[in-house]
Amino acid sequence: MKILQILYFYSPYTSGLTIYAERLSREFIARGHEVSVLSSWHDTSLPRENATEDGARVVRVPIALNVDRAVIMPKFLPIAAREILRHDVVHLHLPMLEAGALAALGRAFGKKVVVTHHSDLVLTGSPVARLGANAGMWSGIASGRLATQFVTYTHDRAAVSPTVTRVGSDVSIIPPPIEIPTPSLNAKASFREKHGLGDGPVIGYAGRYAVEKGLDVLLQTIPDLQEKWPNVQYAFAGPYLDMR
């Protein structure tokens, strides 16, 4: 089976979404499927098209303009149409402004369309950026209604997301693919010692420092937790450069 994954950023760009898609690609290939990935040409030092070490074919589309964390690619839809015709399954990763149009193309070409909702785009900059976020939400809703299968991570997300709640009742809950290496026996003690975390409780966060991640809510818990556990510590791990 020929599977096309479409998302804005792909490896070597690193985010939870790209890791998700990369792990899926690796597993699909291991099961004998042919995988292509369509994404933005976010780093022009990379080739426009190449094969990864795992065997996925990656096609990158030039970016004309960056708006906050969104990317504008005039050639995206024409190239996507060409690639959709070559594949059996189209897998869209939200948020994506073009998701509705891509889902419509997939269904018009008789392809299976899977849409995975990763998050709701939150752009807090200019009015244009906020307008783009709203357009992206409704495009995601349209793609979900057109999809053969619509997926999100958890029941909690399905209950509160402004995108998922508008898609309808046919939503599949599938946790993301997680790979956890077996830690050594002294890993916990070594980690605490390395980062000066002491012996008390630790509240950990790993991810981008972005408004949609709910960090403001986490920080609001500090007074209450310090009252119960005076020696509680918060540990944050995430990128601090190029945080689009």
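What you see below is based on every heavy atom in this structure, not just the backbone, and it leaves out hydrogens, waters and symmetry mates.
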field: Nearest-0.5 Å distance that lies between atom NE2 in His87 and atom CZ in Phe109
entry: 13.5 Å
query: Would you call Arg86 and Glu34 a salt bridge, using N to O less than 4.0 angstrom?
result: no
query: So which heavy atom on Leu92 is nearest to which on Ala99, and how close?
result: CD1-O, 3.6 Å
task: Please step through side-chain contact (heavy atoms from CB on, under 4.5 Å) for the pair Lys112 and Met1, ending with a clear verdict.
output: CA-CA 11 Å; Lys112 300 290 186 182; Met1 184 176 292; over 6 Å; no
field: Close side-chain approach of Glu98 to Ser143, heavy-atom, < 4.5 Å
entry: no
- request: Report, as yes or no, whether the 6.0 Å neighbourhood of atom CD on Glu193 holds more than 12 heavy atoms from other residues, nucleotides or ligands.
  value: no
- prompt: Does one hydrophobic cluster hold both Val115 and Ile174, with members joined at side-chain heavy-atom distances below 4.5 Å?
  reply: no
- request: Evaluate the side-chain proximity of Pro183 to Lys188: yes if any heavy-atom separation is below 4.5 Å, no if none is.
  value: no
field: CG-CD1 distance between Leu94 and Ile6, expressed to the nearest 0.5 angstrom
entry: 11.0 Å
- prompt: Aromatic rings Phe76 and Tyr8: how do their planes relate, parallel, tilted or perpendicular, breaks at 30° and 60°?
  reply: tilted
query: Rounded to the nearest 0.5 Å, what separation is found between the CG atom of Leu197 and the CG atom of Asn231?
result: 11.5 Å
- prompt: Looking only at atom types and distance, does a side-chain atom of Arg107 sit under 3.5 Å from a main-chain N or O of Ala103, one as donor and one as acceptor?
  reply: no
task: Using the rule that two of Ile, Leu, Val, Met, Phe, Trp, Tyr join whenever any of their side-chain heavy atoms come within less than 4.5 Å, decide whether Leu46 and Ile79 are in one cluster.
output: no
- request: Give a yes or no on whether Ile29 and Leu7 share a hydrophobic cluster (residues Ile, Leu, Val, Met, Phe, Trp, Tyr; joining criterion: side-chain heavy atoms under 4.5 Å apart).
  value: yes
task: Would you please indicate if the ring centroids of His118 and Tyr153 are separated by under 6.0 Å?
output: yes
- line: To the nearest 0.5 Å, atom OG1 of Thr165 lies from atom CD1 of Ile141 at 7.0 Å
task: Output, in order, the C-alpha distance, side-chain angles, deciding distance and verdict of side chain to side chain donor-acceptor pair (under 3.5 Å) for Asp156 and Thr154.
output: CA-CA 5 Å; Asp156 288 343; Thr154 66; 5.3 Å; no
Minimal non-hydrogen separation, Ala235 against Val202, with atom names: CB-CG1, 4.0 Å
query: Between the side chain of Tyr10 and the main-chain N/O of Arg60, is any donor-acceptor distance below 3.5 Å?
result: no
statement: Here the pair of heavy atoms bringing Met73 nearest to Val61 is SD-O, 3.7 Å
field: Shortest non-hydrogen contact from Ser119 toward Arg157
entry: N-NH1, 4.3 Å
message: To the closest 0.5 Å, what do you measure between CD (Glu83) and OG (Ser36)?
response: 6.0 Å
- prompt: Are Val114 and Leu38 connected, step by step, through hydrophobic side chains (Ile, Leu, Val, Met, Phe, Trp, Tyr) whose heavy atoms are closer than 4.5 Å?
  reply: no
- prompt: Is a side-chain N or O of Thr152 found less than 3.5 angstrom from the main chain of His117, in a donor-acceptor match?
  reply: yes
Verdict with supporting geometry, Arg23 and Glu27, salt bridge (Lys or Arg N to Asp or Glu O under 4.0 Å): CA-CA 6 Å; Arg23 288 176 178 171; Glu27 184 62 27; over 6 Å; no
- prompt: Can you tell me how far the CD1 atom of Ile3 sits from the NE2 atom of His91, to the nearest 0.5 Å?
  reply: 9.5 Å
task: Verify whether one side chain among Asp54 and Thr52 offers a donor that lies under 3.5 Å from an acceptor in the other.
output: no
- request: For Lys111 and Leu85, work out which heavy atoms get closest and say how close.
  value: NZ-O, 3.3 Å
field: Nearest heavy atoms of Thr163 and Gly140, plus distance in Å
entry: CG2-C, 4.1 Å
- prompt: Got a sec: does the CG of Asp199 have more than 12 other heavy atoms crowding it under 6.0 Å?
  reply: no
message: Would a single hydrophobic cluster contain both Val164 and Val160, if residues Ile, Leu, Val, Met, Phe, Trp and Tyr are joined by side-chain heavy-atom contacts under 4.5 Å?
response: no
Side-chain touch Pro201/Val232, heavy atoms, less than 4.5 angstrom: yes
task: Indicate the ring-plane relationship of Phe9 and Tyr13, choosing parallel, tilted or perpendicular according to the 30° and 60° boundaries.
output: parallel
query: Would Gln5 and Ser25 count as having a side-chain donor-acceptor pair, cut-off 3.5 Å?
result: yes
task: Determine whether more than 12 heavy atoms belonging to other residues, nucleotides or ligands lie under 6.0 Å from atom CZ of Phe236.
output: yes
